[in-house]
Amino acid sequence: IAKIYLDTLSATEQFSLQQEAAEKLQRRVEIVHQRASSRLDTQADKLSAQAALAEKNADLNAARRLSALNRMQLALALGQQAQAQIEITAVAENFPSTPAIEETLAATLETQPALRAQMASWNVAKATLESQRAERLPKVVFDVSRMEAGDFYTQGTNRFVSAGVKLSMPLIDFGVNAKVRARNFEAGESEQKMLQMRSTLIENAYQAYYAYQNAVDMFEAGKAALAKAELQEQESTAKYNKKLSNLATLLQDEAAAVAVRVNQVKLRYQAWSAWADYIKSLGRPYSSALVMAAQ
């Protein structure tokens with residue numbers, strides 16, 4: 001549910017960016033039409049603006065459909081009707097910091113529900129094995145008795161005390177031996193499963209930890225690309241207004257800036273999704289605020 005929620009947030013922000021870009025391009029097309037009527041822009045400029053708007057509307061429709069699909073998936077995941085309106089809140093841009101993976105694993109590995117369940121199965125198997133082995137051991141019984149007696153012809157009381165040890169040796173029971181071997185095998189198999197599960201959990205935690213770090217690095221690197229694209233867009237707008245550049249170049253730079261903004265949204269939520277995977281690999285619940293310090 002957390003990952004679907006993040007996908008829904010990502011799709012919603014992408015749709016908002018595409019809608020903003022389409023509205024801006026629509027206004028530019030109207031201006032170009034007016035300028036073309038006054039012969040300040042050419043017919044080619046007019047056609048270029050219309051083509052750019054048609055392409056942007058296609059992107060907008062795709063973003064709208066993606067947003068609607070994710071909202072439907074979120075509603076269904078929450079057990080509601082597909083058309084239910086789910087309130088969503090954007091997450092912070094600052095990602096949670098993580099301590100060294102070795103420290104985190106040392107504190108959380110043994111609390112993994114799956115690993116704890118397997119350890120319990122191993123303990124049960126060991127206890128069952130010891131119970132079967134006990135049937136092959138001799139049984140020792142220590143018995144003590146005390147008796148007092150008297151009669152009419154003597155004075156006083158006679159006391160009799162006896163003690164004894166009874167040792168019973170079981171005969172060779174092939175059935176019991178077979179059960180012991182079977183329980184021994186089961187205990188060994190359960191231990192191997194526990195060790196294998198532990199290794200798998202450690203490996204998954206490392207993979208999720210590094211994937212999260214990679215995703216954050218990609219988002220941070222994308223900031224430089226975004227700054228460059230937005231600067232290029234501003235410069236193209238200034239040059240076009242001063243008639244130092246043509247409309248086609250401006251439209252191209254504007255489209256490139258929108259694409260980078262949309263990609264940065266994707267990278268942001270990919271990092272949050274990687275964080276969700278990391279939290280899951282540690283066996284921890286994902287908080288409703290979508291922020292959870294790894295301590």
Side-chain angles (χ1 to χ4, degrees), residues 5-74 83 85-94 215-273:
Y5 186 93
L6 291 170
D7 289 342
T8 304
L9 285 171
S10 178
T12 300
E13 289 196 24
Q14 291 177 52
F15 172 67
S16 179
L17 287 174
Q18 294 291 4
Q19 189 174 34
E20 180 182 345
E23 292 173 353
K24 178 180 178 180
L25 194 51
Q26 177 64 48
R27 291 193 296 269
R28 185 172 299 283
V29 168
E30 294 172 358
I31 294 174
V32 170
H33 280 204
Q34 294 174 359
R35 290 171 60 88
S37 299
S38 303
R39 296 186 178 182
L40 296 176
D41 281 337
T42 65
Q43 187 68 18
D45 290 335
K46 180 179 177 180
L47 294 175
S48 295
Q50 290 175 341
L53 179 59
E55 183 176 351
K56 182 52 60 183
N57 283 333
D59 293 338
L60 177 61
N61 290 333
R64 180 185 291 107
R65 296 181 187 109
L66 178 62
S67 178
L69 175 62
N70 282 308
R71 285 179 176 274
M72 180 196 70
Q73 291 174 335
L74 179 60
Q83 295 77 18
Q85 295 298 317
I86 308 297
E87 182 180 355
I88 58 176
T89 304
V91 296
E93 187 168 306
N94 297 326
V216 172
D217 288 345
M218 290 295 294
F219 174 78
E220 293 298 329
K223 289 182 177 179
L226 178 59
K228 178 183 178 181
E230 290 181 339
L231 177 61
Q232 185 66 37
E233 181 185 23
Q234 294 173 2
E235 292 178 348
S236 292
T237 301
K239 289 180 180 180
Y240 174 74
N241 292 335
K242 295 178 181 180
K243 298 183 180 180
L244 299 177
S245 178
N246 57 34
L247 179 63
T249 300
L250 174 60
L251 294 175
Q252 181 179 356
D253 290 339
E254 286 180 341
V258 173
V260 174
R261 292 188 190 100
V262 170
N263 186 63
Q264 194 66 1
V265 169
K266 293 179 180 179
L267 291 176
R268 179 169 167 234
Y269 284 102
Q270 284 173 5
W272 276 106
S273 184

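For the pair Leu251 and Leu25, the minimum side-chain heavy-atom distance is below 4.5 Å. Side-chain contact between Leu53 and Gln50: absent, with no pair of heavy atoms (C-beta onward) separated by less than 4.5 Å. Using a 4.5 Å cut-off on side-chain heavy atoms (C-beta onward), Phe219 and Val265 make no contact. Using a 4.5 Å heavy-atom threshold, the side chains of Arg268 and Gln264 count as separate. Taking 4.5 Å as the limit, some side-chain heavy atom of Tyr5 sits within range of a side-chain heavy atom of Ile88.
Atom CG of Leu66 sits about 10.5 Å away from atom CD of Gln18, to the nearest 0.5 Å. In this structure, CG on Asp59 lies 12.5 Å from CZ on Phe15, to the nearest 0.5 angstrom. One distance of note links OG of Ser16 with CZ of Arg261; it measures 11.5 Å at 0.5 Å rounding. Considering CD of Gln26 and CD1 of Ile31, their distance stands at 10.5 Å, rounded to 0.5 Å. Of the inter-residue distances, the one linking Glu23 atom CD with Leu60 atom CG reads 8.5 Å to the nearest 0.5 angstrom. With rounding to the nearest 0.5 angstrom, the CG atom of Leu247 is 6.0 Å from the CG atom of Leu250.
Shortest non-hydrogen contact noted between Trp272 and Val91 is NE1-CG2, 3.2 Å. Nearest approach of Ala11 to Ser67, heavy atoms of both residues: CB-CA, 3.7 Å. Nearest heavy atom pair, residue Ala271 against residue Ala215, reads CA-CB, 3.6 Å. Scanning both residues, Ala49 and Val29, for their nearest heavy atoms gives O-CG2, 3.4 Å. For Lys266 against Ser10, the heavy-atom pair with the smallest separation is CA-OG, 4.2 Å.
Judged by distance alone, with hydrogens and angles left aside, the side-chain atoms of Glu230 form no donor-acceptor pair with the main-chain N or O of Ala257 at under 3.5 Å. A side-chain donor-acceptor contact under 3.5 Å links Thr12 to the backbone of Thr8. Remark: side-chain polar atoms of Ser48 are paired, donor with acceptor, to backbone N or O of Ala44 under 3.5 angstrom. A donor-acceptor pair is defined here as one N or O able to donate and one able to accept, closer than 3.5 Å; such a pair exists between the side chain of Asp45 and the backbone of Thr42.
Residue pairs meeting the ring pair (Phe, Tyr, Trp, His ring centres under 6.0 Å) criterion with at least one partner in residues 21-55, sequence neighbours excluded, are absent.
Checked against salt bridge (charged side-chain N to carboxylate O under 4.0 Å, His left out), Glu55 has no partners two or more places apart in sequence or in another chain. Residues satisfying the salt bridge (charged side-chain N to carboxylate O under 4.0 Å, His left out) criterion with Arg71, sequence neighbours excluded, are absent altogether. Every residue two or more places apart in sequence or in another chain that forms a salt bridge (charged side-chain N to carboxylate O under 4.0 Å, His left out) with Glu254 is listed here: Lys24, Arg28. When the salt bridge (charged side-chain N to carboxylate O under 4.0 Å, His left out) test is applied to Asp7, no partner is found at least two apart in sequence or on another chain. Not counting sequence neighbours, Tyr240 has no partner by the ring pair (Phe, Tyr, Trp, His ring centres under 6.0 Å) test.
The pair Lys223-Glu220 meets the salt-bridge criterion, since a charged nitrogen lies less than 4.0 angstrom from a carboxylate oxygen.
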*Report the C-alpha distance between Gln270 and Leu6 in whole Å, list the side-chain angles of each, state the deciding distance to 0.1 Å, and finish with yes or no for side-chain contact (heavy atoms from CB on, under 4.5 Å).*
CA-CA 8 Å; Gln270 284 173 5; Leu6 291 170; over 6 Å; no
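Checked options Gln234, Gln232, Lys239; the residue passing with Ser236 is Gln232 (criterion: side-chain contact (heavy atoms from CB on, under 4.5 Å)).
Within 6.0 Å of the CE atom in Met218, the count of heavy atoms belonging to other residues, nucleotides or ligands does not exceed 12. At most 12 heavy atoms of other shown residues, nucleotides or ligands fall within 6.0 angstrom of atom CD in Glu20.
Thr237 and Glu233 form no side-chain donor-acceptor contact under 3.5 Å, judged by distance and modelled atom types alone.
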